[in-house]
Amino acid sequence: MNIIETTNYSTLSEKAAILIFNQIKSNPRLVLGAATGDTPKGTYEQLVNRVKREGLNLSNINTVNLDEYVGLNAIHPQSYWNYMQENLYTPLNLSKDQAFIPDGTAVDLEDECDKYEQRIERIGGIDLQILGIGRNGHIGFNEPFTSFSSRTHIVTLTESTRKANARFFSNIKEVPTRAITMGISTIMKSKSIVLLASGEGKAAAVDKLLSGKVDPAWPATILNEHPNVTLIVDNAAKNR
Ligand code: F6R
């Protein structure tokens, strides 16, 4: 694993943005796997600024997101579609044909999961997957003890994840109980992965990852078996 240590969140975001920018520059048809949450916001902001400053052409990239809440439609303020619209699609002028997120309102959710896998394959697989990490070591919404061979699937969110995400809603009751997420094997098929970890709340999960041991209780530890992972971590998230 390639590890980039930074002193703070802003530098972490800058390093991640430069990495994504350079990958798009060298592969204008890049398939970018995107994450939501607080951690990548700074990265997206810096990426947008850099793309605008340097006039990078993004008309041939595709993006695919890790996950979406079940039951929230695209225009719900806390849907991941809406998050992506605000943080990336609108500022980068990406069209609907370039941007894929699972549909959490699909009538047949199992079918939506299969279609999502097919969509990823159809566009050539993920070249660069951006990941955040949960306090409990989840990646995407793959909670502890999710099968490492899982494909895109429906998950019941743990109480700890719902509590952590309640900050985005007016109260915990509004946090959906289920989500669609890429599976761990879907994520592991990405050609390269960048994991962003910031803040002391992530230190325990980062510590498990850096132990080098693969432990189903801490899903991110499977990344130790991927040949091309870069961890960008700030001081607060790194004890080891
Ligand atoms: C988001 C996602 C999650 C988050 C994780 C960390 O699409 O899949 O795994 O990356 O919950 O969230 P933040 O960055 O808000 O701490």
Side-chain angles (χ1 to χ4, degrees), residues 6 8-10 12-13 16-17 20 32-45 63-70 72 74 76-89 99-104 113 116 120 126 128-146 150 152-169 172 175-176 178-184 186-188 190 193-206 208-209 218-223 229-234 236-238:
T6 68
N8 55 46
Y9 176 71
S10 153
L12 174 150
S13 303
I20 300 169
L32 177 68
T36 58
D38 274 336
T39 315
K41 277 189 181 163
T43 301
Y44 295 151
E45 193 184 334
T63 68
V64 281
N65 266 70
L66 283 168
D67 40 24
E68 178 60 284
Y69 289 115
V70 167
L72 300 194
H76 188 285
Q78 298 311 332
S79 76
Y80 287 169
W81 177 270
N82 192 53
Y83 171 106
M84 290 303 293
Q85 196 76 40
E86 270 175 24
N87 289 284
L88 220 58
Y89 303 159
F100 301 99
I101 297 193
D103 178 1
C113 292
Y116 203 64
I120 294 172
I126 299 165
L128 171 62
Q129 176 65 55
I130 308 302
L131 294 177
I133 187 167
R135 287 164 179 257
N136 61 3
H138 71 219
I139 47 175
F141 271 133
N142 295 289
E143 300 286 17
F145 301 105
T146 302
S150 53
T152 300
H153 62 291
I154 311 294
V155 288
T156 299
L157 300 177
T158 61
E159 269 317 288
S160 81
T161 295
R162 290 186 68 237
K163 266 188 202 145
N165 289 5
R167 68 191 192 278
F168 300 115
F169 294 80
I172 189 158
V175 183
R178 292 189 303 158
I180 300 188
T181 182
M182 277 185 204
I184 295 183
T186 323
I187 293 171
M188 289 293 280
S190 312
I193 294 176
V194 171
L195 175 66
L196 309 176
S198 171
E200 59 184 348
K202 306 299 172 66
V206 168
K208 292 285 175 187
L209 172 67
W218 296 86
T221 58
I222 189 67
L223 299 176
V229 175
T230 301
L231 167 67
I232 311 185
V233 59
D234 64 15
K238 191 167 181 295

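Bear in mind the structure is a predicted one, so any value in this text is a computation, not a measurement. Atoms within each ligand, like the ligands themselves, are counted from 1 in listed order.
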**Q** Other residues, nucleotides and ligands only: do more than 12 of their heavy atoms fall within 6.0 Å of NZ on K238?
**A**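 Yes, the 6.0 Å shell around NZ holds more than 12 heavy atoms from other groups.
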
**Q** By number and element, which atoms of ligand 1 are closer than 4.0 Å to a non-hydrogen atom of L66?
**A**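 Reading through ligand 1 atom by atom, the close ones are 8 (O).
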
**Q** Have a look at ligand 1 and work out which part of I133, if any, has a heavy atom under 4.0 Å from it: side chain, backbone, both or neither.
**A** backbone

**Q** Side chains of D234 and S198: any donor to acceptor distance under 3.5 Å?
**A**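 Yes, because at least one side-chain N or O of S198 sits under 3.5 Å from a partner of the opposite role on D234.
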
**Q** Give a yes or no answer on whether the side chain of R135 reaches the backbone of K202 with a donor-acceptor pair at less than 3.5 Å.
**A** no

**Q** For atom 12 (O) of ligand 1, state which one of E143, E68, K41, K202 supplies the nearest heavy atom.
**A**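 Among E143, E68, K41, K202, the closest heavy atom to atom 12 (O) of ligand 1 belongs to K202.
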
**Q** Please determine if D38 has a nitrogen or oxygen closer than 3.5 Å to a nitrogen or oxygen of ligand 1.
**A**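 Checking ligand 1 against D38, an N or O pair does fall under 3.5 Å apart.
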
**Q** Kindly say whether Y83 contributes a backbone atom to a donor-acceptor pair with the side chain of Y89 at under 3.5 angstrom?
**A**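 Flag not set: sc Y89 to bb Y83 has no pair under 3.5 Å.
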
**Q** Would you mind checking which non-hydrogen protein atom is closest to atom 5 (C) of ligand 1, with the distance to 0.1 Å?
**A**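 In this structure, atom 5 (C) of ligand 1 has H138 NE2, 3.4 Å as its nearest protein heavy atom.
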
**Q** Is there at least one pair of N or O atoms, one from G140 and one from ligand 1, spaced under 3.5 Å apart?
**A**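 Min N/O separation from ligand 1 is below 3.5 Å for G140.
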
**Q** Between T39, L131, N65, L196, flag the one that comes closest to atom 13 (P) of ligand 1 by a heavy atom.
**A**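 Going through T39, L131, N65, L196 one by one, T39 has the nearest heavy atom to atom 13 (P) of ligand 1.
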
**Q** I'd like to know if R167 contacts ligand 1, where contact means a heavy-atom distance under 4.0 Å to any ligand atom.
**A**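 Judged by the 4.0 Å heavy-atom criterion, R167 does count as contacting ligand 1.
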
**Q** What is the nearest protein non-hydrogen atom to atom 1 (C) of ligand 1, stated with its residue, atom name and distance?
**A**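 Residue, atom and distance for the closest contact: T36 OG1, 3.2 Å.
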
**Q** Where is the nearest protein heavy atom to atom 10 (O) of ligand 1: which residue, which atom, and how far?
**A**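 The closest heavy atom on the protein side is G132 CA, 3.3 Å.
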
**Q** Search all heavy atoms of T152 against all heavy atoms of M182 and return the closest pair with its distance.
**A**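 Minimum heavy-atom separation between T152 and M182: OG1-CA, 3.7 Å.
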
**Q** Is there a side-chain hydrogen bond (donor to acceptor under 3.5 Å, both in side chains) between N87 and E45? Walk through the geometry before answering.
**A** CA-CA 7 Å; N87 289 284; E45 193 184 334; over 6 Å; no

**Q** Can the ring centres of Y116 and F100 be said to be less than 6.0 Å apart?
**A** no

**Q** When you check the side-chain N and O atoms of T181 and H153, is any donor under 3.5 Å from an acceptor?
**A** no

**Q** How does D67 reach ligand 1, by side chain, by backbone, by both or by neither, if only non-hydrogen atoms under 4.0 Å count?
**A**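 D67 to ligand 1: side-chain contact only, backbone stays beyond 4.0 Å.
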
